[in-house]
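Okay, so here's the structure we're looking at.
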Amino acid sequence: MIYDYFCNKINEVVYRRKFCQKRCFRIIKFLNMLQPRVRFAPSPTGALHIGGLRTALYNYLFAKKLGGTFILRIEDTDQTRYVAGAEKYITDALEWVGLDLNESPNLGGNFGPYRQSERKEMYGEFGHLLVKNGWGYYAFDTEEELNKKREEAEKNKQTFSYNVHTRNSLRNSLTLPKNEVEQLLNSGADFTIRLKCPADEIIYVNDIVRGQVEFQSNLLDDKVMLKSDGMPTYHLANVVDDYSMKITHVIRGEEWLPSTAHHVLLYRALGWEDKMPHFAHLPLILKPAPASYINNKNVDSLTEKFTSEFYKKNPNFTLKPKQEVQKMIRGILLDVNNISSRVQIKNKDKEDKIIIKEFLKSTLFGKLSKRDGDRLGFPVFPLAWQGEKEDDSFIGFREVGFDPKALINFLAFLGWNPGTEQEIFSLDELVEAFSLERIGKSGARFDYEKAKWYNQQYLIHGNDEEIAQQLKSIFDQKGWYTSNKKITKIAALYKERATFLNDIPNKAAFIFSDGFSYDEKNARKKWKEKNAAKNYELIDILKNTTDFSPENLEQVIKDFITDNELGFGDVMSPMRIALSGVAGGPSLFDIIYLIGKGRTIDRLKKGYQYFENL
RNA sequence: GCUCCUGUAGCCAAAUUGGUAAGGCACGCGACUUUCUAUCGUGUAAUUGCGGGUUCGAUCCCCGUCAGGAGUUCCA
């Protein structure tokens, strides 16, 4: 397996290098393949969402499969966006799902420090090196000046880009006289260092997921490498760190694909092209398909939510009264079959309609966002997050009751699949089955129903004793006491009827407490006056029965029914409702066994009297 | 607007150097102690976005077109 992987990679390298590169270079690549070093590099700007966790998972799976190293690097170069507690959230989340790190800020390692803010000095050095070797230049344009240019361009429906075509008319070390540049630098004026993208060239990026992707260098913008505060941008920091940490594979989200050309250029500029890592860009995680969650039941509450959100986003919208806005949103939501085409903006649409449609389009489609969780009622974060404002606080998969193993399994299939029919994988099995080649190219749709299905599968296939143990602690808290044997029985019976472990106590509450109400509709239907005497007679028979095992109860009750020529439903349905309040649930005989003789008799009497008066 | 990526049933998603379409979710039906929002079995559903081309043969290669997404920040 590894050997095959290997040969493919070597072939790829040979192909790319047209076969004539030095043999040692190939050997280095070869050795890298044996022990890949990959990093998960989030920035601590808030809670880590599900997409970030998936990136971490894929990095982990790839590293473990090939016996490599999984590294956490904190990308905190933007001090204005730093959020206290975010780093701890990241490590807590990784720990909860069982993604063990080999090197990290906490663990340390031979390539530290692992926070970019602590590596600040080295970036400046490389930034200036770029200027020295002709791959970069000092730019003195202020943010205001550039913003003005962007606004002007926007007026003409164009985008201002700091690139080959425009850099010669801007204030930088390429256009200013040498002495003026020196004077500016000496005077301590603010400056940035920009990458000088070459002209008339095609940059090739070899992506493991997407194959060869081409970029025209003329269209690339001269990205800022070193900011005026002395900190690097992501682009510089990322390349410098990946090089110095000997990263062999960069596995990250698709949003990075367009800037990868710059990164390739940077490796070249710094003379590290031979050490450039392989790239693998993961498909985006998309919002769930509207048709999958909008239905007649929730359309009103969704309309409500969308409308209030619309006004939050467009506070000055007065083109139409609120009622009409609401009506329109509802109309579009209800037209499920056509929802994607209905949101299309047409030429004849008036301004008000366009604004509303644009809002709906952006909230209904596109990348999964943290807002979607609130809106659609499912978590998009692994753990709960307490933000500064109410708006910025979320619950996580853990709090909803997800088994971390189920979450991982679900996440693994969001953009990857093994090509077999197997869908349930433990983390170790995922490691075994995983390969970057099998990652899909198209966006992966987030499907909460599928996530719940996975959790249910883990519950169903879980060990009864282990589930019972977890149940016991919940029961203890509620003051529900019974034998371990019975708790295990409850686990076995109810795990198949629950999505989350937490559902079981709700469904099984009647076993411990009499405080339930009867399903009157079903009771009325199933309780028949003509059978009343027989039903009471069965209570007496049960009173005289000593063996209350499910097997014996089944024997006794069935015999009674056949002896008296009654229907099963005539006898068992009223019993069910009297004992548990509802007409559904596990086998009646198991229910009686769990409730116990004394309470069974009491409840039957009480229930039947109630049914008689309905 | 420009750049890049993507487009297989209601939804997710396989078919890895071209050989006429897996599986899952949802849905229908049946069975399961005449219970069930559970479980098991089974079934319906796709002119592979659209239009051309190359080929004996195209989901796969080429051209065009439409749609969706991402990027276009001294953010990551």
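Each chain gets a letter, A, B and so on, in the order its sequence line appears, and its residues count up from 1. Please read these numbers as outputs of a predicted model, since none were measured by experiment.
- Between the P atoms of A9(B) and U59(B), the separation comes to 14 Å (whole Å).
- Taking every heavy atom of residues 250-258 of chain A and every atom of RNA chain B, pairs under 4.0 Å involve E254(A), E255(A), W256(A), L257(A), P258(A), by number.
- Side chains of D403(A) and Y454(A): no donor on one and acceptor on the other come within 3.5 Å.
- A side-chain donor from one of S117(A) and D76(A) sits under 3.5 Å from a side-chain acceptor of the other.
- Nucleotides A13(B) and U3(B), compared at atom P, are 27 Å apart to the nearest Å.
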ring-ring contact (aromatic ring centres under 6.0 Å, His included) for F378(A) and F446(A)? Distances and angles first, verdict last.
CA-CA 11 Å; F378(A) 53 71; F446(A) 181 89; 4.9 Å; yes
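- For K223(A) and C74(B), the shortest distance from a side-chain N or O to OP1 or OP2 is not below 4.0 Å.
- C75(B) and U39(B): their C1' atoms are spaced 50 Å apart (whole Å).
- Atoms CZ and CD, on F40(A) and E75(A) in that order, are 10.0 Å from each other to the nearest 0.5 Å.
- A donor and an acceptor atom never sit less than 3.5 Å apart when one is taken from the side chain of S259(A) and the other from the base of G71(B).
- Under the Watson-Crick or G-U wobble criterion, with both distances below 3.5 Å, C40(B) is paired with G30(B).
- Listed candidates were U34(B), C2(B), C4(B). Nearest to the side chain of M572(A) is U34(B).
- Classified by interplanar angle (parallel below 30°, tilted 30° to 60°, perpendicular above 60°), the ring pair F191(A)/Y138(A) is perpendicular.
- Nucleotides G49(B) and C12(B) have their P atoms positioned 13 Å apart, rounded to a whole Å.
- Look at Q422(A) and you won't find any side-chain N or O under 4.0 angstrom from OP1 or OP2 of G24(B).
- The base of C74(B) does not come close enough to the side chain of T233(A) for any donor and acceptor atom to sit less than 3.5 Å apart.
- To the nearest whole angstrom, the two C1' atoms, one in U47(B) and one in G43(B), are 22 Å apart.
- Of all nucleotides present, none satisfies the Watson-Crick or G-U wobble test against U35(B) with each distance under 3.5 Å.
- The neighbour count for E214(A) CD, taken as heavy atoms of other residues, nucleotides or ligands under 6.0 Å away, is above 12.
- Counting atom types as modelled, R210(A) pairs no side-chain N or O with a base atom of U6(B) as donor and acceptor under 3.5 Å.
- Of the candidates G69(B), C74(B), U3(B), the closest approach to any side-chain atom of S228(A) belongs to C74(B).
- Picking from A14(B), C36(B), A70(B) the nucleotide with the shortest atom distance to the side chain of R497(A) gives C36(B).
- Under the Watson-Crick and G-U wobble criteria, each requiring two contacts below 3.5 Å, nucleotide A67(B) is paired to U6(B).
- Using a 4.0 Å cut-off, some side-chain N or O of R194(A) falls inside it from OP1 or OP2 of C74(B).
- With both ends at atom C1', the span from G23(B) to U42(B) equals 16 Å, rounded to whole Å.
- Mapping L219(A) and E423(A) onto RNA chain B by nearest heavy atom places L219(A) closer to the 5' end of the strand.
- Counting atom types as modelled, S587(A) pairs a side-chain N or O with a base atom of U33(B) as donor and acceptor under 3.5 Å.
- Among the nucleotides A76(B), A13(B), U73(B), the one closest to any side-chain atom of N417(A) is A13(B).
- For K227(A), counting side-chain heavy atoms from C-beta on, the closest listed nucleotide (U73(B), U34(B), A76(B)) is A76(B).
- As the counterpart of U72(B), G1(B) is assigned, both hydrogen-bonding distances of the Watson-Crick or G-U wobble pattern falling under 3.5 Å.
- Here the side chain of D590(A) is nearest to one of U73(B), U33(B), U35(B), namely U33(B).
- Base-pair partner of A46(B): not found among the strands shown (Watson-Crick or G-U wobble, both distances under 3.5 Å).
- Distance noted for atom C1' between G10(B) and A26(B): 8 Å (whole Å).
- G18(B) sits 50 Å from C74(B) when the C1' atoms are compared, rounded to a whole Å.
- Atom CD of Q216(A) sits in a sparse spot, with 12 or fewer heavy atoms from other residues, nucleotides or ligands closer than 6.0 Å.
- Closest contact between the side chain of E143(A) and the listed nucleotides U33(B), A76(B), C74(B) involves C74(B).
- Residue K361(A) places at least one side-chain N or O closer than 4.0 Å to OP1 or OP2 of G68(B).
- Comparing atom distances between the E554(A) side chain and each of U33(B), U6(B), U73(B) picks out U33(B) as nearest.
- Comparing A70(B), C4(B), C74(B) against the side chain of T192(A) picks out C74(B) as the nearest.
- Of the listed nucleotides (C25(B), A76(B), G68(B)), C25(B) has the atom at the smallest distance from the side chain of K450(A).
- Pair assignment for G57(B) gives none, since no Watson-Crick or G-U wobble pairing has each distance under 3.5 Å.
- Pairing of A15(B), defined by two Watson-Crick or G-U wobble distances under 3.5 Å, is not identified with any nucleotide.
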